Amino acid sequence: MIYLDYQASTPVAPEVAKAMLPWIEEKFANPHSPSRWGSEAEAAIEVARKRVEEAIGLKGGSVAFTGSATEALNWALKGTVEKAAEKGGKRNRIITLASEHAAVLDTCEWLAGRGIDLTVLPVQPDGRLDLELLERELDKRVLLVVVMQVNNEIGVTQPISEIAKMAHGSGALMLCDAVQALGRMEICAGPDLLAVSAHKIHGPKGIGALWMRKGDEPAPFIHGGGQERGLRSGTLSPALCVGFGAAARLADERQTRDYDHVQKLWKAAVDALGPGWTINGSTGHRYHGNLNIRRKGLDGARLIADLRDIAFSLGSACASGSGRPSHVLRALGLDYRESRSSVRLGFGRYTTQKELVDACHRLAAHAKAQEKLDA
Ligand code: PLP
């Protein structure tokens with residue numbers, strides 16, 4: 001099995017599994033209870049929080065743990081809208097991009113159904129936002145600008161610091177989905193709210209976090225026991241928090257090494273695929289552990305079905321499951337056929353050059369065989 005689906009999820013690092021084990025096997029106390037065992041668990045969670053905050057690297061705020069990045073994004077969006085309404089503010093407009101993750105787009109649509117004025121900006125054919133377009137759209141009604149740092153389907157990066165500056169210039173807040181950026185590249189300074197997820201950085205599934213600038217915390221979204229400073233209720237899992245902390249620390253320590261490894265893998269993969277492929281999205285403004293490619297006449301779904309021992313996908317895991325063509329590729333201007341002829345290869349820390357090159361050779365050979373058969 002060759003695993004090339006690093007944007008969907010990443011293998012749990014051995015160091016992470018080791019750090020989590022005592023919190024699964026022995027240390028079961030509730031971290032919010034005042035017993036000695038509870039305090040020990042609480043202390044471990046605080047160490048983990050610090051590690052996640054350090055890996056994010058932004059100043060002037062702190063992190064609250066959530067059940068996923070999807071939850072963090074829902075909370076940031078709905079909680080910010082609610083807080084603005086409670087304050088009686090006049091801002092009720094959200095600006096986002098057509099290439100954002102469903103966790104943002106679907107939540108924004110939900111809010112639009114409840115009176116929020118939603119603007120979904122198009123992206124350019126290379127996947128990047130035209131900043132002049134944003135400039136023209138920004139006005140005194142904008143509450144929130146929501147843009148991801150690294151796109152999960154095509155790896156394209158957005159100029160987050162410039163976008164945040166522009167949002168602030170018009171008095172709006174900026175929310176960044178940094179799920180695919182954390183641990184892979186420096187997190188851009190500027191956002192007021194930022195969502196991350198442990199399982200994309202070799203941590204466990206079932207835990208994410210929302211970084212919030214002090215003073216810009218959204219209204220609570222999950223009510224109950226008042227955990228996470230009263231902002232996000234629910235008993236925290238010490239095992240998941242410790243795992244996230246260990247993954248964050250490791251990602252921080254290994255960032256340059258992992259980044260250099262990915263750059264080499266990208267080049268090896270492009271060489272091994274050979275001619276006839278087009279890369280979807282900008283090749284320069286990109287995280288190179290995401291190689292989204294298309295080939296004229298290729299049936300991406302069939303390729304995935306035929307090569308069962310290579311794990312790769314059509315775009316996002318969600319798009320692959322639904323059978324619908326990817327909204328991100330459509331946002332680049334690709335037609336139905338072009339998006340159906342695209343596949344995404346995702347690689348990273350534990351991918352070896354040999355397995356990636358082998359997989360690319362097989363992919364290319366299979367695509368050529370498919371072409372002959374269809375001719
Ligand atoms: N945002 C991006 C860019 C993602 O890639 C993902 C996961 O696929 C999410 C948000 C949602 O993250 P989670 O799986 O933690 O809910």
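Keep in mind it's a predicted model, so treat the numbers as computed, not measured. Whatever order the structure lists ligands and atoms in, that order sets their numbers, starting from 1.
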Original post:
Going by the atom numbers of ligand 1, which of them fall below 4.0 Å from some non-hydrogen atom of Ser197?
Top reply: 13 (P), 15 (O)
**OP:** Could you tell me which atoms of ligand 1, counted from 1 in the order shown, lie closer than 4.0 angstrom to a heavy atom of Met148?
**Re:** 3 (C)
Subject >> Mode of Ala69 contact toward ligand 1 - side chain, backbone, both, neither (heavy atoms, under 4.0 Å) >> reply: both
Original post:
Would you call Lys27 and Glu40 a salt bridge, using N to O less than 4.0 angstrom?
Top reply: yes
**OP:** May I ask you to identify, for Glu71, whether its side chain, its backbone, both or neither come under 4.0 Å of ligand 1 on a heavy-atom basis?
**Re:** neither
Original post:
Taking both backbone and side-chain atoms of Ala8, is any N or O found less than 3.5 Å from an N or O belonging to ligand 1?
Top reply: no
Original post:
Can you find a non-hydrogen atom of Glu100 under 4.0 Å from ligand 1?
Top reply: no
Original post:
Is there a path from Trp211 to Ile45 through hydrophobic residues (I, L, V, M, F, W, Y) whose side chains come within less than 4.5 Å of each other?
Top reply: yes
Subject >> Min N/O separation Thr70 to ligand 1 under 3.5 Å >> reply: yes
Original post:
Considering only heavy atoms, which of His101, Glu153, Gln180 lies nearest to atom 6 (C) of ligand 1?
Top reply: His101
Subject >> Distance, nearest 0.5 Å, that separates CG of Asn152 from CD of Gln7 >> reply: 8.0 Å
**OP:** Check the side chains of Ser341 and Arg294 for a donor-acceptor pair under 3.5 angstrom, ignoring hydrogens and angles.
**Re:** no
Original post:
In terms of the angle between their ring planes, are His202 and Tyr350 parallel, tilted or perpendicular, with boundaries placed at 30° and 60°?
Top reply: perpendicular
Original post:
Can you check whether Trp266 and Phe347 have ring centres sitting under 6.0 Å from each other?
Top reply: no
**OP:** Please round to the nearest 0.5 Å and tell me the distance separating atom OG1 of Thr66 and atom CG of Asn74.
**Re:** 10.0 Å
**OP:** May I ask you to identify, for Lys205, whether its side chain, its backbone, both or neither come under 4.0 Å of ligand 1 on a heavy-atom basis?
**Re:** neither
